[in-house]
Amino acid sequence: MTYHSGSRAIQDRVGVRDLADHVGRSVGQGIRPVVAAFLELQPMLVVGAAAPEGGTERDRDTGTAGGGVWASLLTGEPGFVRATGARRISVAGGLSAGDPLTVALTTPGTAVGTIALDPRTRRRVRLDGRVGPAPRGFAVEADQVFANCPKYLQKRQTYETVTGRAPGVPRRGGELTHSQRDFVEAADTFFLATVHAHGADASHRGGNPGFVRVDAPGELSWPDYPGNSMFLTLGNLAADPRAGLLFLDWASGTVLQLTGTARTEFTPDGERTVRFTLAEAVETSAASPLRWSAPAYSPANP
C-alpha cells in the first residue's frame, strides 16, 4: 500500500518504516474468499466517515469545514454485509434518521472506513473505500482491505437478538454527563474513525476497563498500545485531527458516539497517549438489538 505523509511521519518517528512497508504488502483492494465468508457471518459493522458540512447540530452552530468525523454502528442478521464483487461489499438496511452519518452513507462517493469485528473469534477485517448505491442499502467500493491481529480484542462467546428492543431518542450534548463518564471509563472496547485527504478509516481500540480516561467533561485520553506498525490511525490524526469515537454497551445495546479532535503525545521512553477533545456527544439507548455475553479479556491487554 501507499502511505500518506501523516503515517510516514509517525513511522519515521518511531523507527518502523521498513516494518510498515513489510506489513503494508498484505493490504490489497480485492476481497478474498476467506474475507467474504467472514463478512457474511457478522451481525454488526462499524462505519466511519466525515459528515457533510452542516450535517449535524454542532456543524450548523460552528460552521465546521467538512463536518465532524463520526463512527456509527449497523446491525442485521448475518448476511446483511455481503461481498457482491471483487472489490465491493453491499450492506442491507441503513442508519436511523437521527444518526450523524445517515446523509454521508446515502451520498455516492463519500469516503468511508468500515470494520467488521467478531468477538467470538477475536477476528477483525477493515475495508476502506467509497460509498455507492445498492438496492436495499448502500455499497462500498474498496480501496484497501486487510485483517488485523487479535491483540486487545475481548472475547465474547455468544450473542442473542433481543426481540422488541427499540432505539431510544438520541440525546445530544457538548459535554459528557456523569453517567456517560462512567460508561466510557468502564469500557473495554471502542471504535475510532479518522480521515485523511483521500479517504477514511475505522479501527478498534481495546484494553482492560479503565484504559480510557475521562480527564474532564470534554477531554478523554487513552494509551496507544503497540500494533501493526502501519500507524494508519495516528497518521490520519497527524494529517487531519478530526476523529469520531463509538462506545457500545455490549449488553444493553446503548451506543455513545463522540466527535471532536485528537492529537498524539510522545514520551522520551517511547510511550504514546492520544488526547481527544469533545465537540459533540450523541447517546442512543438500545441502539443495538444484540446482547453479547460477558467478556474474557485479551491476554495482550497491559
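Note that these values count all heavy atoms, side chains included, but never hydrogens, waters or copies made by symmetry. Along the sequence shown, the residues carry numbers beginning at 1.
Thr114 places a side-chain N or O within donor-acceptor distance of the main-chain N or O of Leu127, the cut-off being under 3.5 Å. Checking side-chain atoms of Thr189 against main-chain N and O of Gly206 turns up no donor-acceptor pair under 3.5 Å. With hydrogens and angles disregarded, a donor-acceptor distance shorter than 3.5 Å links the side chain of Thr110 to the backbone of Ala104. Between the side chain of Arg122 and the backbone N or O of Leu153 there is at least one donor-acceptor pair closer than 3.5 Å. Not a single donor-acceptor pair under 3.5 Å links the side chain of Arg130 to the backbone N or O of Glu141. A distance-only check finds a donor-acceptor pair linking the side chain of Ser26 to the backbone of Val23 [under 3.5 Å].
Within the model, atoms CG of Leu39 and CG of Leu45 stand 8.0 Å from one another, a figure rounded to the nearest 0.5 Å. Rounding to the nearest 0.5 Å gives a distance of 5.5 Å between OG1 of Thr264 and CD1 of Ile10. Of the inter-residue distances, the one linking Trp70 atom CH2 with Glu280 atom CD reads 4.0 Å to the nearest 0.5 angstrom. Rounded to the nearest 0.5 Å, atoms CZ (Arg242) and OG1 (Thr259) are 8.5 Å apart. Note: Leu258 CG to Phe276 CZ = 5.0 Å, rounded to the nearest 0.5 Å. Taking CG from Leu290 and CG from Leu73, the interatomic distance works out to 7.5 Å, rounded to the nearest 0.5 Å.
With sequence neighbours excluded, the residues satisfying salt bridge (Lys or Arg N to Asp or Glu O under 4.0 Å) with Asp215 are Arg213, Arg275.
By the 30° and 60° cut-offs, the orientation of the rings of Tyr225 relative to Tyr152 is tilted. Between Phe211 and Phe190, the ring planes lie parallel to each other; the angle is under 30°, not in the 30° to 60° tilted range.
By the 4.5 Å heavy-atom criterion applied to side chains, Glu77 and Thr161 are counted as neighbours. At least one side-chain heavy atom of Leu220 sits less than 4.5 Å from a side-chain heavy atom of Leu245. Counting heavy atoms from C-beta outward, Leu74 and Leu95 have side chains that approach closer than 4.5 Å. Contact annotation: the side chain of Val282 approaches that of Arg172 to within less than 4.5 Å [non-hydrogen atoms, C-beta and beyond]. By the 4.5 Å heavy-atom criterion applied to side chains, Arg181 and Pro217 are counted as neighbours. Looking at Thr254 and Ser285, their side chains come closer than 4.5 Å, going by heavy atoms from C-beta outward. Put simply, the side chain of Pro119 does not reach to within 4.5 Å of the side chain of Gln157, judged on heavy atoms.
Side chains of Gln144 and Asp201: a donor-acceptor N/O pair is absent below 3.5 angstrom, by distance only. A side-chain N or O of Gln257 and one of Ser72 form a donor-acceptor pair less than 3.5 Å apart.
Each of Leu117, Asp118, Val125, Thr75 was evaluated against Gln42; a single residue qualifies, Asp118, per the side chain to side chain contact (heavy atoms under 4.5 Å, CB included) test. No option in Asp188, Asn301, Asn208 other than Asn301 meets the side chain to side chain donor-acceptor pair (under 3.5 Å) test with Gln154.
Across all non-hydrogen atoms, the minimal contact from Ser288 to Leu248 is CB-CD1, 4.3 Å. When all heavy atoms of Ala71 and Leu246 are compared, the pair lying nearest together is O-CD1, 3.3 Å. When all heavy atoms of Val274 and Leu237 are compared, the pair lying nearest together is CG1-CD1, 4.3 Å. Across every non-hydrogen atom of Gln11 and Ser229, the tightest pair is CG-O, 3.8 Å. Of all non-hydrogen atoms in Glu185 and Val214, the two that sit nearest each other are OE2-N, 3.0 Å. Ala166 and Ala286 make their closest contact through O-CB, 3.4 Å (heavy atoms, listed as atom of the first residue, atom of the second, distance).
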Practice item. With side chain to side chain contact (heavy atoms under 4.5 Å, CB included) as the test, would you mind laying out the steps for Phe146 and Met230 before giving the verdict? Key: CA-CA 12 Å; Phe146 59 102; Met230 292 194 290; 3.8 Å; yes
Exercise for review: Just do the side chain to side chain contact (heavy atoms under 4.5 Å, CB included) check on Phe231 and Arg13 with the steps written out, would you?
Suggested key: CA-CA 11 Å; Phe231 289 108; Arg13 179 165 188 164; over 6 Å; no
Practice item. Tell me, with the steps shown, if Leu232 and Arg126 meet side chain to side chain contact (heavy atoms under 4.5 Å, CB included). Key: CA-CA 12 Å; Leu232 300 183; Arg126 286 155 73 176; 4.0 Å; yes
Practice item. Take Arg87 and Asp143 through the side chain to side chain contact (heavy atoms under 4.5 Å, CB included) test and state the conclusion after the steps. Key: CA-CA 8 Å; Arg87 291 178 49 196; Asp143 292 327; 3.8 Å; yes
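Salt bridge annotation for Arg291-Asp249: absent, with no cationic side-chain nitrogen under 4.0 angstrom from a carboxylate oxygen. Arg17 has a carboxylate O that lies under 4.0 Å from a charged side-chain N of Asp12, or vice versa, which qualifies the two as a salt bridge. Salt-bridge check for Arg171 with Glu283: passed, with a basic side-chain N closer than 4.0 Å to an acidic carboxylate O.
Grouping the Ile, Leu, Val, Met, Phe, Trp and Tyr side chains by contacts below 4.5 angstrom, directly or via other members, places Leu192 with Leu234. Phe191 and Leu256 fall into different hydrophobic clusters, where Ile, Leu, Val, Met, Phe, Trp and Tyr residues are linked whenever their side-chain heavy atoms come under 4.5 Å apart, directly or through other members. In the hydrophobic clustering of ILVMFWY residues, with side-chain heavy atoms under 4.5 Å counting as a link, Leu41 and Val91 come out apart. Criterion: ILVMFWY side-chain heavy atoms under 4.5 Å apart, direct or through other members. Under it, Met44 and Phe247 are not part of a common hydrophobic cluster. In the hydrophobic cluster analysis, where Ile, Leu, Val, Met, Phe, Trp and Tyr join through side-chain heavy atoms closer than 4.5 angstrom, Leu105 is grouped apart from Val46.
For the pair Arg156 and Trp250, the cation sits on the ring face: its NZ or CZ lies under 6.0 Å from the ring centre, inside 45° of the axis.
More than 12 heavy-atom neighbours from other residues, nucleotides or ligands sit within 6.0 angstrom of CZ on Arg120.
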